[in-house]
Amino acid sequence: MHISRTLKILMVLACFVSTPLPAALQSAPGSLEVNVKNVKIDGKPAKLSRKRFYLIPGGLTENAALLTRIKGAEITSKSCYYKGIQASDQYICWLQAENCESPFCRVVDGRYLDATDKLAVPEFIAAYNKGLPLYKGNTTISRQWVLTNMPDALVNGYYRQQQKVLGTVLAGLKPLQSSMTDSAGIRTIFLDIALPRTAEKSKYLVSNVLPIEIGDKSYVWTCEKDVEAGKKAVLDISKAGKNCEVTVRDLKVCATGPCGEK
Amino acid sequence: MRHRLQLVLLIVTLVVAAGSSFRKASAEGTLGRIFSHNTKAHKTGKYSNCSACHSLPTRNWTSPRRDKLPPFPDVNTFPSHISCFGCHTKDIYSAGGAFCGTCHVVPTMRARAVLAFPIRSHQSQFTTLFPHSTHQDLIAEKRNDLDFSAAHFIPAVFVVPDEKPKAPIFYNCSICHQNLDQTPKYLPRKLTLFKPLSEPAPDTFTKPVTAEFFKDSPDGHESCFNCHYQFKNLPEDKKGCNACHELSPPYLEKKVIQRYSIKFDHQRPGHVEKDCTACHLRITQNKDVRAMKDADVPILSCKACHATQEDDEWKHILTTEVEKRDTSIANKQPAFQCTYCHTSAIGRYEIPPSHR
């Protein structure tokens, strides 16, 4: 009889716990604008355009382990990745000319396929020639679809490496959201941040996690900010104080030959 | 007279029998039916692999295309006879070859010409998978100057006009989303959570709605194949049609663009020079295009420019219109209708809390 009553109480409690709170009792979502336009490196403005930032629950203290992993992450610079897979100097120069991380960045136009042009890139020429018989000699398609005939490591390898580093640093931690800064390098905004239950405000961590290459250094911004229910908080990552930690590391940069463009 | 009656009865019997036979065949899913990718036999065993029937490219890829694009290697027609004949030989020889009408213009065994592929009037049987987030990670940091040129022309990367352009052309949102060249059918979205506060009023426009108010979305393989032809540059487990296509219950694709703010002009100065992600705030985190209910522009992005403390009227138009609405209600006058972004279909409704 006693056991039965205890069971009943437990069942009632279980129902209570599993029932979601009525909307009126839940906090309204907040939002967080992350401002990057005032960031300076060595006194000069650093344009952080189209950089992905992650939103993680908790502050710097709660995420100390993440911070340790960020500081200890093994990173390979773009130039060293491409050097490591024996990409030609011309290919690396083509990427560097417009600060591209991969060939998905811009159109491979005719200048880079013309063997007589000083800008010619051997990898693109090889892929173009491979495409010609597949597309019945159609030169336009061979040129425009050049990425479909290139070795995987040259096209996707750097992105995959970055994703691997991201996975290692996050080590199973699941960010609530991620969002990219705009191309003008002004801001990104996290919307609909659901605060825990009835909390009126809660602390969140914002970090780019993956180091951003600037010159021969890499940078990770890790900042905490309170977000209030129903309000927009603004975090200016240029104002690094006790709420913001910037991890700066020297980056091995692999030299290429002289680049013809830019 | 008796013979005539017998003859009529005989004809009626024959017609009924033929009809019954046709219905039976139809019930088995072989005659007079639209081909379904969802039929068990069409999606299991060797047919679970799309290439069991479809070839990429089809042999007719060099022929002129229905969409008038320059020909490119594509799936441009139905699978060959061999894909159907293995299981449907009997059906072909019954009911005068009505089965042939699944793909052919004329439903007889003598049919030669095939219907235009794909059949646009049929319901779609697949949804599209597309992770904006991954593509946003990979495209360029920079934008094309042409994206916001005075000519209002965004080049389709698929058709790069000059083999040796003077400036680099970056891959960005305009690979897939370009200005329309014809004004599409458009409608205001329906508001279900709010009440109208007044009767519809005649709409006024400072600029008539034109094609360039709108952007299109891919409707074929052309922009995808730039990077993914023959399933290249895809994750290991997605090297097939399933990378982008997933079977779904049949549905008719909407050909009408629905908007809350019909007066929004993508090409207007002040809008055109902005990065798409400045307003489409969630797009860089969208992993599945199917999760998007609409173009998803939160009011927060409008407020950044239209709810400021600056003097220009349009810089604070959002707050001005909200104030006018509140004043009209406080003075027990007909509710002010918001007109800067909205037509009366939306502007006469209650103001959502997000706008305040």
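Chain letters run A, B, ... following the sequence lines, proteins first, then strands; residues in each count from 1. Note that the structure is predicted; figures quoted are calculated from it, not measured.
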Distance-minimising heavy-atom pair for B/Pro73 and A/Tyr135: CG-CD2, 3.8 Å
Nearest-0.5 Å distance, CG of residue A/Asp182 to NZ of residue B/Lys274: 8.5 Å
Taking every non-hydrogen atom, the tightest pair across B/Tyr171 and A/Gln144: OH-O, 4.4 Å
Residue part contacting chain B, namely of A/Ser183, when any heavy atom lies under 4.5 Å: both
Taking every non-hydrogen atom, the tightest pair across B/Pro168 and A/Arg106: CB-NH1, 3.7 Å
Validation row: A/Glu101, B/Asp137 side chains within 4.5 angstrom (heavy atoms): no
Plane angle bin for A/Trp145 and B/Phe72 - parallel if under 30°, tilted between 30 and 60°, otherwise perpendicular: perpendicular
Heavy-atom proximity to chain A below 4.5 Å, by part of B/Pro298: side chain
Closest non-hydrogen atom pair, B/Phe225 against A/Thr148: O-CG2, 3.7 Å
Heavy-atom pair of closest approach, residues A/Cys105 and B/Ala140: O-CB, 3.2 Å
B/Lys239 NZ: over 12 foreign heavy atoms closer than 6.0 Å: yes
Nearest heavy atoms of A/Ile189 and B/Leu300, plus distance in Å: CG2-CD2, 3.7 Å
Approximate separation, where rounding is to 0.5 Å, of A/Ile186 CD1 and B/Asp275 CG: 9.5 Å
Rounded distance [0.5 Å steps], CG in A/Leu191 versus CD1 in B/Ile299: 12.0 Å
Donor-acceptor under 3.5 Å (A/Arg52 side chain, B/Gln136 main chain): no
Atom NZ of A/Lys37: over 12 foreign heavy atoms under 6.0 Å: no
Atom pair OG1 (B/Thr134) and CZ (A/Phe104), whose distance is rounded to the nearest 0.5 Å: 11.0 Å
A/Leu147 backbone acceptor or donor facing B/Asn233 side chain under 3.5 Å: yes
N-O pairing of A/Lys47 and B/Glu141 below 4.0 Å: no
4.5 Å side-chain heavy-atom contact, B/Ile139 and A/Arg50: yes
Interface residues of residues 276-292 of chain B facing chain A - heavy atom cut-off under 4.5 Å: B/Thr277, B/Leu281, B/Arg282, B/Thr284, B/Gln285
Side chain, backbone, both or neither of B/His228 within contact of chain A (heavy atoms, under 4.5 Å): backbone
Interface moiety of B/Ser133 toward chain A, non-hydrogen atoms closer than 4.5 Å: both
